[in-house]
Participant: 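I have a structure here, written as structure tokens, and I will follow up with some questions on it.
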Amino acid sequence: MSVADVQNRQWRKFDPYIVPVDKNAVENILRPLDLSDDDYHTVMQSMLDQMERGLGAATNDTAPIKMYPTYVRAVPDGTESGEFLALDLGGTNFRVLLVTLKGQEVKMDSKIFLIPQHIMLGSGKHLFDHIAECIYRFVKEHNLMERKLPLGFTFSFPCRQKGLARAMLTTWTKGFKCEGVEGHDIVALLHEAITRRGDLNVECLAVINDTVGALMSCAHTDRKCAVGIILGTGSNACYIEKLEKVEMAEGNEPGPPEMLINTEWGAFGDDGSLDFITTDFDRQVDKHSINAGKQRYEKFISGMYMGEIVRLALEKLRKNGLLFGGEGSYHMATRGRFYTKYVSEVESDDTDSFPMTKQIFQELEIETVTDQDCRLVRHVCALVSRRAAFLSSAGVACILNKMKRPEVTVAVDGSLYRFHPHFHDLMMEKTRVLAPGIRYKFMLSEDGSGKGAALVAAVANRILAEQKAKGNPETSSAV
Ligand code: ADP
Ligand code: MG
């Protein structure tokens with residue numbers, strides 16, 4: 001018998017809460033997850049206030065939504081060409097990519113490298129040495145050692161940028177916590193690691209966020225694309241703002257009168273403004289996260305947390321004898337063990353016999369799962385997903401109403417949006433209600449983090465070459 005089996009048995013023996021199923025009791029537990037349109041409107045108003053505060057130089061300091069200038073001033077025009085390296089850090093996988101641009105043609109070759117937990121939670125030096133090592137292995141494998149390649153870095157953590165290739169990490173999120181990086185320029189740290197090795201001929205020309213990558217990548221084919229959002233491990237958004245509103249940007253580079261803003265909307269609510277919709281489940285998720293009190297909006301929405309919210313709701317129902325006849329398991333009592341992908345599987349399941357749902361709970365070692373249990377589990381998943389999708393819609397609608405463009409394409413990246421069976425439809429439905437009169441569509445960004453970084457690096461490289469030709473070797477910060 002395994003350790004888990006032993007723990008399972010002891011655990012079941014002590015379960016004290018077996019009572020008959022009661023619809024009202026179920027409702028009482030789940031009602032806080034069901035929000036009204038009034039609630040979503042309140043959320044939007046409060047998000048708009050915080051965004052305006054984030055943009056203003058006098059108010060940015062105390063604003064939870066930081067609205068970071070990205071120094072990206074224009075979307076691609078389709079003439080970008082050449083070979084570029086791209087890095088994608090800030091998600092589940094770390095990737096190095098070789099991107100070949102030639103008009104609308106984009107070729108990508110990429111390799112995933114693992115970032116082990118001890119590096120995610122270790123020193124910054126160790127992290128950047130590891131990244132440089134991965135670049136080296138990739139470059140070597142692709143026989144690129146002899147060439148000097150421009151690199152675009154998709155770094156999906158909140159950064160205060162001072163230019164296209166100067167980005168100070170504000171705070172780690174999503175499970176990363178490397179010492180000695182917060183407050184530092186990550187491009188400098190990367191270049192130091194590259195210099196320490198001495199065998200790499202690579203220069204990082206631009207740092208972007210994955211939201212910017214998604215937007216740029218979709219804008220390459222759709223000129224109406226003006227918003228990018230991420231619904232993956234975390235959640236974030238960027239959009240095109242009028243330059244005159246971007247009070248926090250430094251310098252005065254020539255270029256179009258617009259700039260992409262990386263909202264970092266995940267931090268919305270960190271001042272308590274979302275407390276009115278926060279349930280006990282959300283409070284527990286936050287309390288046990290490595291960034292308690294932070295990224296409150298993100299924790300309602302994204303893949304890193306949704307499964308856990310569902311698990312906590314299921315556990316509460318179970319402890320009240322309303323699910324699985326009160327039977328628990330070691331797995332179901334384990335934090336993070338109910339993955340967000342299960343939520344997608346449950347909601348995609350056949351509603352007559354629930355084969356996938358039963359399979360999931362078999363893996364989680366719940367022995368008796370009735371069809372009624374499966375229906376209730378599905379209901380819980382649907383409630384949590386709906387709230388997440390509608391809150392994301394509230395964010396998108398807030399930006400669309402603020403931009404006032406008659407027609408906008410919203411680029412979306414992230415596995416939650418990509419793989420959840422209803423997320424797209426739910427977002428379409430609620431955005432229509434919350435942003436009436438605006439024509440919009442959601443467009444899945446295909447590999448925005450790689451292609452977007454290469455596109456921004458391409459434009460930066462072109463400007464750099466133009467300046468060198470003019471005899472001014474200064475690095476431009478405007479794309
Ligand atoms: P990242 O945001 O880290 O770049 P992804 O976009 O792949 O990476 O998002 C990863 C997140 O997506 C994980 O938190 C995971 O829980 C969630 N996820 C993965 N597969 C699914 C799925 N089938 N349905 C819903 N969420 C999923
Ligand atoms: Mg990603």
Side-chain angles (χ1 to χ4, degrees), residues 86-97 108 110-115 117 120 152-158 172-176 207-218 228-238 262 264-266 285 289-291 295 298-311 335-349 356-357 359-360 363 377-378 380-382 384-389 392 411-427 442 444-454:
L87 300 181
D88 176 15
L89 179 75
T92 312
N93 294 311
F94 167 57
R95 294 179 311 154
V96 183
L97 304 95
M108 286 200 276
S110 71
K111 187 167 172 151
I112 291 176
F113 293 90
L114 274 183
I115 306 239
Q117 185 90 3
M120 284 170 78
F153 191 174
T154 300
F155 183 76
S156 307
F157 299 97
W172 286 114
T173 55
K174 297 180 288 190
F176 273 79
V207 176
I208 60 166
N209 195 273
D210 50 0
T211 55
V212 174
L215 192 158
M216 294 296 272
S217 155
C218 285
I229 66 171
I230 298 295
L231 294 161
T233 303
S235 180
N236 191 13
C238 72
N262 166 22
E264 287 296 338
W265 79 8
V285 165
S289 65
I290 64 168
N291 53 352
Q295 300 292 103
E298 171 167 276
K299 285 173 185 165
F300 286 103
I301 291 178
S302 66
M304 188 157 181
Y305 311 99
M306 255 178 63
E308 178 63 4
I309 299 172
V310 168
R311 187 190 71 82
R335 227 174 275 136
R337 183 63 181 82
F338 195 89
Y339 309 129
T340 300
K341 75 169 185 199
Y342 291 162
V343 177
S344 290
E345 286 167 10
V346 167
E347 290 193 61
S348 314
D349 209 2
M356 285 199 283
T357 310
Q359 169 73 33
I360 291 167
E363 275 172 36
V377 170
R378 187 188 175 91
V380 172
C381 290
V384 172
S385 301
R386 195 171 63 182
R387 187 183 66 155
S392 314
V412 194
D413 199 356
S415 293
L416 174 59
Y417 175 85
R418 195 179 292 259
F419 298 119
H420 189 285
H422 310 304
F423 226 83
H424 170 84
D425 293 347
L426 289 165
M427 286 188 71
F442 293 102
L444 191 60
S445 155
E446 294 295 342
D447 216 337
S449 296
K451 186 173 146 192

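In listed order, ligands and their atoms are each counted from 1. In what follows, every heavy atom counts, from backbone to side chain, and hydrogens, waters and symmetry copies are set aside. Being a predicted model, the structure only gives us computed values, none of them experimental. Along the sequence shown, residues carry numbers from 1.
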Participant: Whether the side chain of Arg418 engages the backbone of Leu231 through a donor-acceptor N/O pair (distance < 3.5 Å, no angle test) should be reported.
Facilitator: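 No.
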
Participant: Going by heavy-atom distance to atom 24 (N) of ligand 1, choose the closest among Gly448, Gly336, Ser344.
Facilitator: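 Considering heavy atoms of Gly448, Gly336, Ser344, the nearest to atom 24 (N) of ligand 1 sits in Ser344.
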
Participant: For the residue pair Trp172 and Phe176, does the interplanar ring angle fall in the parallel (under 30°), tilted (30 to 60°) or perpendicular (over 60°) class?
Facilitator: parallel

Participant: Please name the pair of heavy atoms, one in Leu215 and one in Gly228, separated by the smallest distance, quoted to 0.1 Å.
Facilitator: CD1-N, 3.7 Å

Participant: Which protein non-hydrogen atom lies closest to atom 23 (N) of ligand 1, naming both residue and atom, and how far is it?
Facilitator: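 So the nearest neighbour among protein heavy atoms is Phe419 CB, 3.2 Å.
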
Participant: Kindly indicate whether the side chain of Val285, heavy atoms from C-beta on, has any atom under 4.5 Å from the side chain of Phe300.
Facilitator: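 No - every pair of side-chain heavy atoms lies 4.5 Å or more apart.
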
Participant: What residue and atom, counting heavy atoms only, is the protein's closest point to atom 13 (C) of ligand 1, and at what distance?
Facilitator: Thr233 OG1, 4.2 Å

Participant: Checking Asn93 side chain against Arg95 main chain: does a donor-acceptor pair fall under 3.5 Å?
Facilitator: no

Participant: Suppose we measure from atom 8 (O) of ligand 1 to each protein heavy atom; which comes out shortest, and what is that distance?
Facilitator: Thr92 OG1, 3.4 Å

Participant: What residue and heavy atom of the protein are closest to atom 18 (N) of ligand 1, and at what distance?
Facilitator: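 Ranking protein heavy atoms by distance from atom 18 (N) of ligand 1, first comes Ser415 CB, 3.8 Å.
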
Participant: Does Gly303, backbone or side chain, put an N or O under 3.5 Å from an N or O of ligand 1?
Facilitator: yes

Participant: Looking at Asn209 and Ser156, what are the two nearest heavy atoms and their distance?
Facilitator: ND2-CA, 4.0 Å

Participant: Please report which non-hydrogen protein atom sits nearest to atom 4 (O) of ligand 1, along with the residue it belongs to and the distance in Å to one decimal place.
Facilitator: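 Closest protein heavy atom to atom 4 (O) of ligand 1: Gly91 CA, 3.5 Å.
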
Participant: In terms of atom number and element, which parts of ligand 1 are under 4.0 angstrom from non-hydrogen atoms of Met304?
Facilitator: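 With Met304 as reference, the close atoms of ligand 1 come out as 14 (O).
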
Participant: Quick check: closest heavy atoms across Asp413 and Gly448, and the distance to 0.1 Å?
Facilitator: OD2-N, 3.9 Å

Participant: Under 4.0 Å from any heavy atom of Gly414, which atoms of ligand 1 are there?
Facilitator: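 Going through ligand 1 atom by atom, the ones under 4.0 Å from Gly414 are 6 (O).
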
Participant: Quick check: does any side chain N or O of Lys174 sit under 3.5 Å from a backbone N or O of Gly90, one acting as donor and the other as acceptor?
Facilitator: yes

Participant: Considering heavy atoms of the protein only, find what lies nearest to atom 26 (N) of ligand 1 and give residue, atom and distance to 0.1 Å.
Facilitator: Thr340 CG2, 3.5 Å

Participant: Side chain, backbone, both or neither: which part of Lys341 comes within less than 4.0 Å of ligand 1 when only heavy atoms are counted?
Facilitator: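 It is both parts that get close, each with some atom under 4.0 Å.
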
